[in-house]
Structure formats: structure tokens, C-alpha cells
**Q** 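Take a look at the following structure, please.
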There are 2 protein chains.
Amino acid sequence: MSTVLDDRAAQVLRLVVEDYIDTAEPVGSRTISKRMGQLSPATIRNIMADLEDSGYLAQPHTSAGRIPTAFGFRYYVDYLLERRQLLRSERDQLQRTAGAGAPPPDETIRQIGRLLSQLSGQACVVIVASPDDQKLRGIRLLRAGRDNVLLVAVMQGGWVQHRLIEDEPGLTEGDLEKIGNYLDGFSVGLTLSQLRSKILQEMRHEKSRYDRVMTRALALSARAFPDSPAGEVYVEGRTNILEQPEFVEDVHNLKRILRAFEEKSVVVRLLDRVLDGGATRVSIGTENPVEELPDISVVASSLQRDGSPLGTVGLVGPVRMDYSRIIPLVEYTAGLLGSAKMEGVQPK
Amino acid sequence: MSTVLDDRAAQVLRLVVEDYIDTAEPVGSRTISKRMGQLSPATIRNIMADLEDSGYLAQPHTSAGRIPTAFGFRYYVDYLLERRQLLRSERDQLQRTAGAGAPPPDETIRQIGRLLSQLSGQACVVIVASPDDQKLRGIRLLRAGRDNVLLVAVMQGGWVQHRLIEDEPGLTEGDLEKIGNYLDGFSVGLTLSQLRSKILQEMRHEKSRYDRVMTRALALSARAFPDSPAGEVYVEGRTNILEQPEFVEDVHNLKRILRAFEEKSVVVRLLDRVLDGGATRVSIGTENPVEELPDISVVASSLQRDGSPLGTVGLVGPVRMDYSRIIPLVEYTAGLLGSAKMEGVQPK
DNA sequence: GATTGGCACTCGCGTGTTTTGAGTGCTAAG
DNA sequence: CTTAGCACTCAAAACACGCGAGTGCCAATC
């Protein structure tokens with residue numbers, strides 16, 4: 001079993017995959033023969049038998065046609081697939097959505113998610129990068145009411161974070177300004193999480209050595225950054241998977257999948273490892289990082305603007321999804337938002 | 001057909017409803033007879049026939065047991081239902097969640113939603129009231145980077161809103177402070193939407209009469225409040241409805257329902273009209289405000305803290321839901337967050 | 001040697017038929 | 001008014017059957 005198929009076998013595999021993609025039914029030798037012209041069903045049968053031996057195809061039962069295995073799909077995606085160009089209208093819509101009013105960035109990326117789910121007919125998962133991972137542009141402290149202090153952090157990408165710190169009496173406007181400036185001083189260019197650890201470190205270091213204001217500042221900001229809120233997770237077009245016959249057939253499986261979508265952690269895991277590289281990733285069936293969902297494929301890419309990560313977007317659907325449309329869709333979106341880097345379509 | 005049933009008929013209706021609630025199957029005279037003791041199946045049959053004539057019960061087909069109609073459920077909820085006390089553990093969990101760290105309030109209410117969906121086994125819909133409807137406590141303007149201005153609005157209930165206004169060069173720190181103070185001056189006690197209209201009014205009124213700063217201030221804030229973002233909508237425990245046999249049986253219907261949940265507008269409509277009154281509302285089947293979902297019931301209540309509306313929470317499930325548990329659950333939650341007002345359980 | 005027509009065989013699926021049993025309505029007796 | 005008895009109904013489960021799509025294999029053909 002060689003890694004590369006001869007021309008004819010590849011051709012057959014391609015046709016099987018493509019036919020299966022839009023019928024969701026096992027495809028027989030007859031169909032392929034017609035579509036190829038040249039060869040008779042009998043010949044096709046021989047080729048298909050070979051493809052089955054090498055693990056590219058499988059038979060649900062003896063007297064049925066063949067369906068591609070995950071392995072077969074992999075080969076198709078890697079070598080056989082012809083990307084279908086996006087429609088003018090699709091590009092227009094994406095551009096309009098991506099370009100629409102800059103702030104707030106998280107709203108933009110959610111819209112993109114919704115749109116993608118519509119265009120693709122698949123479920124779309126969006127992880128909005130945590131503003132915590134953005135670089136700070138500055139920090140301000142404000143008095144808010146009698147005893148409360150409001151800390152406002154402005155981030156590089158246009159994000160704004162705030163924390164209301166309650167019950168912090170006894171600070172004059174002047175104090176606040178001084179503390180604010182102090183924080184502002186060493187915050188620029190750091191991420192919130194970096195700032196957090198820097199503050200803690202600083203606190204241990206100069207414990208009550210410097211003047212009262214500094215200590216106070218540190219205590220205050222330590223209170224303001226207790227936890228690192230993870231990025232938000234959205235799933236759009238969930239119901240699209242109800243459109244897939246292979247899922248609807250078996251209600252039990254359907255439950256499993258929908259239930260998985262409700263678990264934030266599972267969704268995050270689904271898009272795992274895309275965050276770093278800017279490349280689009282295709283995970284077919286068991287290749288995806290969630291073992292509980294072996295019959296699901298993910299096409300995902302990370303989105304960034306001006307070099308800072310906005311989030312991750314992924315289309316999730318049956319293994320039998322139309323990669324020739326879905327992949328360009330996701331790549332185009334990723335490109336739209338700045339990181340046009342696409343180093344081929346890597347598995348895993 | 002009288003509005004009030006005699007004792008025996010009521011008893012039978014109650015048992016039918018309750019049995020149906022936990023079996024989801026038509027219930028026969030035999031079952032009821034056993035449960036009542038005293039009466040034989042034949043007698044029960046007579047009573048049931050009467051109940052059917054009066055519209056409380058129905059037969060899916062001739063040789064099946066009876067199931068309650070929406071009308072029957074209504075009667076049950078209004079007159080027959082015995083509220084089941086919450087478990088100690090349920091109360092504890094709710095209290096813990098409701099009490100957990102005050103800000104941000106929207107996070108609290110989402111948590112409550114999630115918890116309710118778990119405890120009830122139904123889908124839980126949460127509408128977080130828009131901070132726009134909260135009264136303002138104050139407004140500040142901040143310089144953010146070179147050309148950007150950040151407007152921060154602090155609300156009564158602990159909410160904080162911010163808008164980043166980009167490309168607004170040529171304002172000194174001093175200008176900003178003046179403008180900020182000006183806005184702050186007439187904003188306290190208003191809601192954001194009120195402020196919005198007041199600003200627009202003001203702008204028309206003293207168009208370029210006063211000094212440059214004021215006009216600038218108004219233009220600036222008009223830019224900051226262009227739209228009124230509606231309250232966020234969350235749905236938790238969607239998949240719980242997959243647990244309901246009546247929905248799973250018919251995939252087509254299932255699609256309709258899940259699809260409806262993806263439409264923000266539908267979800268909002270589902271909880272419509274609860275916003276004003278603090279009372280818990282029970283809408284059974286066709287009574288609910290969404291005609292497209294005639295086989296769904298909603299138990300909803302508005303939540304408020306310190307007199308200001310936090311949002312609305314509703315449990316959504318099949319008509320055959322366990323009202324005796326669900327209603328107290330929702331009412332207790334509403335009570336927990338301050339508005340213990342509950343003027344009976346009103347339909348419509 | 002690759003290709004192809006022919007042919008027997010397999011097996012899932014849809015259809016029609018039968019059986020079963022839960023539940024009813026009615027009637028006549030208590 | 002209640003109840004036992006009985007005939008009747010009808011959905012759902014169990015079963016049987018034939019169709020047809022599709023296969024594998026073999027022998028004939030190019």
C-alpha cells in the first residue's frame with residue numbers, strides 16, 4: 001500500500017468522495033463508471049476493491065456501495081481537492097462584516113461567526129481571544145461613587161477592560177491619580193496576565209518599603225486582577241447539524257454532539273492548537289482533538305488584526321463536509337482580518 | 001361545562017396530569033383506579049369521559065389512554081398543583097450563586113441561568129437587562145492613546161459601560177476634563193437612553209451658541225451613544241429538551257424548536273411582558289407569546305436587585321413539565337434577588 | 001495483461017400481513 | 001351510582017417476502 005495513488009485510482013477516489021459529499025449515500029461502481037466515461041462498472045469495482053484494501057474506502061455492508069474512510073478523506077483533502085472559488089456575494093458579505101465599525105472587536109468576530117455558519121451550512125465555533133492576552137496601551141483609575149474605584153485598561157487591539165473595585169474608601173482624587181500613573185508607568189506593552197504576575201512579584205519585593213501610595217496601588221490592582229477570565233466562546237448555527245442526515249438518523253449520537261457544544265471546555269479543545277499558528281487547519285474525524293466526537297471534522301483558523309490575536313474561528317460539521325468550499329471560506333476570512341499567512345492545510 | 005370541577009373529577013384530573021408528567025404516555029383508567037384506591041376502572045372511565053367532554057383531557061386515538069389538554073394543564077396549575085418545597089441543596093446552590101461577588105451583575109445572572117437549567121432539567125433562557133436602562137451614577141472621559149477618547153459610564157446597579165471613540169484628535173487633557181464634567185453634570189440619575197435623547201435635544205437647542213467646548217462635548221457624546229444595544233440573550237441547557245421524548249420522537253418538530261432558540265428575537269418574545277411585573281408567569285402551550293411553538297411552556301420571572309432590573313429568567317420546556325417543582329424554583333430565584341413580589345401565578 | 005460482459009449471490013429496505021395487548025364503551029347486574 | 005364482564009378498536013411489534021442495488025468472480029475479449 002503506497003502513499004501515493006496512481007492516476008486512475010485517485011480519480012475514482014475523488015469521485016467517490018465528491019459524490020458521497022453531496023448524497024450522503026454509499027456510492028456504487030455504476031455511478032462512478034458513468035461519471036468517468038471510459039471505464040466499465042466492472043473495472044471500477046476492481047479499483048474500488050483495491051482502494052478498500054488500502055484503507056481509503058469502506059463498505060457499510062456487503063451489498064452496498066462504498067463510502068470514503070477518514071483516511072480517504074485525508075488523502076482527498078491533501079492531494080485531490082480543488083478549491084472552489086468563493087462567490088462574489090460571499091466575499092462581499094464577509095468583507096462588509098469584517099470591515100464594519102472597528103470597536104468593539106469581539107462583536108465583529110461574532111458577526112463573522114454567524115455569517116460563516118450561514119454561508120457554510122455548518123456549525124461555526126468562535127473563540128474570542130481574551131483581552132487579557134492583548135498588550136496594554138494604558139491604565140486609568142477613576143473614582144466611582146463614594147467608596148468605589150473603577151480601573152480601566154485600554155488594550156492595543158481596541159479592546160477595553162474594566163473592573164469595578166468596591167469598598168475602597170479613603171483615597172483622594174490625588175491619590176488615585178498618583179496610583180494610576182504609577183500603574184500606567186510599567187503596564188504599557190504588557191499583557192494583563194503579565195501585569196498580574198509583575199504586580200505580585202513587585203509586591204513581595206518592596207513590601208511596605210516604599211511610600212504608602214505605592215503599596216496601596218499594588219494592593220488595589222492585585223484586587224482588580226484576581227482571575228484571568230478566559231476568552232468568550234460562541235457557537236453559531238448549531239442547528240445546521242440537524243440538517244445532516246448522518247446525524248439525525250441516530251438520535252443518540254445527535255444528543256452527544258449537541259451536548260458537547262454546550263460544554264465550553266469541549267468547544268475550546270476542538271479549536272485547540274490553532275491559536276498559535278496562523279495557518280488553517282483541517283481535522284478530519286478522529287484527527288480532531290476531541291476523542292468523544294470521532295465523526296466530526298473541523299476546519300479552523302486563527303484570526304488576527306494588526307498582529308494581535310482576535311480569536312479563533314472554526315467550522316464544525318460531519319466528516320462528509322464540503323471541504324472544497326469550506327476551506328477557502330475559512331482561509332479567506334482569516335486573510336481578511338490580516339493574517340494572510342497560510343502554509344498549506346496541515347492535519348493534526 | 002362548569003368552570004369548577006367536583007372533588008372527584010379534580011382528583012382524577014390531578015392524577016392524570018401527574019402521571020402524564022412523569023411518564024409522557026397516555027394514562028389509562030386502570031392506573032388511576034389503582035392510585036385512587038376506592039374506585040374501579042369502570043367508574044374512572046366514566047369520569048374521564050366527562051373530563052374529555054369538558055375539554056380537560058383528550059385521546060390520541062380511540063384505544064389509548066388519556067392525556068391532559070393545555071386547558072387541563074391550566075386547571076391543574078391554577079387549582080390543583082401542590083408546590084413542592086425546594087431541596088435544601090437546591091436552595092443552597094441558588095443562594096451561593098446569587099450571592100457570589102457582586103460585580104459584574106450580568107455574569108451573576110448567567111450563572112443563575114445555568115444553574116436553573118441544571119436543577120430543572122429544562123432549557124433556561126436568560127435575558128440580561130440592558131445596562132442602557134440602568135440609571136447613571138456618573139460619566140468620565142479619558143484620553144486613550146493619541147487620537148482616541150474613552151467614555152466610561154458607571155451605572156447604579158454596579159454595571160459599567162464604555163465606548164471607545166476613535167479619531168478624535170485635538171482635545172487637550174483639560175478640554176476632556178471640562179467636557180467630562182459638563183456631561184457628568186446632567187447625566188446623574190438618567191438612563192443612557194434618556195441621556196441620549198437629552199443630548200440630541202440639547203444639541204438642536206443651543207446649536208453653536210455656547211462656547212466651543214460644550215458643542216464639542218455634545219458632538220462627542222452623540223458619537224458615543226449611537227445605538228441602543230439590546231440586552232444580551234443567553235440560552236442554557238438547550239440540550240435538555242433532547243431529553244424529552246415528545247420532542248425527540250418527531251425530528252421535524254425538534255428542528256423547529258432548536259432553530260427557534262437560535263433566533264434572538266424569538267427568545268425575547270418568549271419572555272415578553274414579564275419584564276414589567278415582578279410576578280412569575282406561567283404560559284402553557286399555546287398561551288405562550290410565540291405562536292410558532294404551540295407545544296412549549298414557559299415559566300418566567302423578572303429578576304431585580306435593589307429595585308433595578310437585572311434581567312428576566314425563564315424555564316422553557318414541554319407542556320408536560322413538572323410545574324410543581326419548576327414554579328417554586330423560578331419564584332425562589334426571583335425572590336432571592338430582591339423582588340419577592342409574587343402575586344399568584346398569572347397566565348398570559 | 002488489462003478490460004469487460006455475464007451471472008450468481010448477498011443483504012438492506014420497504015411493503016404487506018398477522019399478532020398482541022392495552023385500553024375503551026357499553027350493558028346488565030349489584 | 002358503581003362495577004364486573006365482554007366485545008371491540010387500533011397502534012405498535014413481529015414476521016414474512018420480494019425487490020433491487022450492488023458486489024465478487026470468472027471466462028471471454030481486445
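So that the names make sense, note that chain A is the first sequence line, chain B the second, and so on, each numbered from 1.
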**Q** Once side-chain hydrogen bond (donor to acceptor under 3.5 Å, both in side chains) is applied, do any residues pair with B/Ser120, and if so which ones, sequence neighbours excluded?
**A** none
**Q** Taking CG from B/Leu57 and P from C/dG25, how many angstroms apart are they, rounded to a whole number?
**A** 11 Å
**Q** Using the heavy-atom set of chain B and a strict 4.0 Å cut-off, write down the first and last nucleotide of DNA chain D that makes it in, 5' to 3'.
**A** D/dT2 to D/dA11
**Q** Mind jotting down which residue pairs meet the side chain to side chain donor-acceptor pair (under 3.5 Å) criterion with at least one end in residues 314-326 of chain A? Sequence neighbours excluded, please.
**A**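 Listed once each, the pairs are A/Glu90-A/Arg325, A/Gln244-A/Arg320, A/Glu246-A/Arg320, A/Ser297-A/Tyr323, A/Asp322-A/Ser324.
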**Q** Indicate yes or no: does A/Glu262 engage B/Arg238 in a salt bridge with an N to O separation below 4.0 Å.
**A** yes
**Q** Which parts of residues 28-46 of chain A get close to DNA chain D, meaning a heavy atom less than 4.0 angstrom away?
**A** A/Gly28, A/Ser29, A/Arg45
**Q** Mind calculating the distance between CG (A/Asp50) and C1' (C/dA2) to the nearest angstrom?
**A** 13 Å
**Q** With a cut-off of 6.0 Å (strictly less than), are more than 12 heavy atoms of other residues, nucleotides or ligands near CG of A/Asp7?
**A**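 For A/Asp7, atom CG is not crowded (no more than 12 foreign heavy atoms under 6.0 Å).
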**Q** Pairs under 3.5 angstrom only: tabulate donor-acceptor contacts from the side chains of residues 58-68 of chain B to other protein residues two or more places apart or in another chain.
**A**
{"unit_1": "B/Gln59", "atom_1": "NE2", "unit_2": "B/Thr62", "atom_2": "O", "d": "2.9"}
{"unit_1": "B/Gln59", "atom_1": "NE2", "unit_2": "B/Ala64", "atom_2": "O", "d": "3.2"}
{"unit_1": "B/Arg66", "atom_1": "NE", "unit_2": "B/Glu52", "atom_2": "OE1", "d": "3.0"}
{"unit_1": "B/Arg66", "atom_1": "NH2", "unit_2": "B/Glu52", "atom_2": "OE1", "d": "2.9"}

**Q** Whole angstrom is fine here: how far is it from CD in B/Gln59 over to P in C/dG23?
**A**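 After rounding, the gap between these two atoms is 11 Å.
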**Q** Is there side-chain contact between B/Gln122 and B/Pro318, with heavy atoms separated by less than 4.5 Å?
**A**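 B/Gln122 reaches B/Pro318 side chain to side chain.
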**Q** Please list, by residue number, the residues of residues 60-67 of chain A whose heavy atoms come closer than 4.0 Å to an atom of DNA chain D; answer none if no residue qualifies.
**A**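 Going residue by residue through residues 60-67 of chain A, the ones with a heavy atom under 4.0 Å of DNA chain D turn out to be A/Thr62, A/Ser63, A/Ala64, A/Gly65, A/Arg66.
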**Q** Between A/Glu287 and A/Arg281, does any side-chain N to carboxylate O distance fall below 4.0 Å?
**A** no
**Q** Do A/Ile241 and A/Leu258 touch side chain to side chain, with heavy atoms closer than 4.5 Å?
**A**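 Yes - at least one pair of side-chain heavy atoms lies under 4.5 Å apart.
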**Q** Between the side chains of B/Arg259 and B/Glu292, is the shortest nitrogen-to-carboxylate-oxygen separation below 4.0 Å, so that they form an ion pair?
**A**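 No, this pair does not count.
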**Q** Go through the steps for A/Arg35 and A/Glu18 under the test salt bridge (charged side-chain N to carboxylate O under 4.0 Å, His left out), then give the verdict.
**A** CA-CA 11 Å; A/Arg35 210 156 302 197; A/Glu18 284 170 0; over 6 Å; no
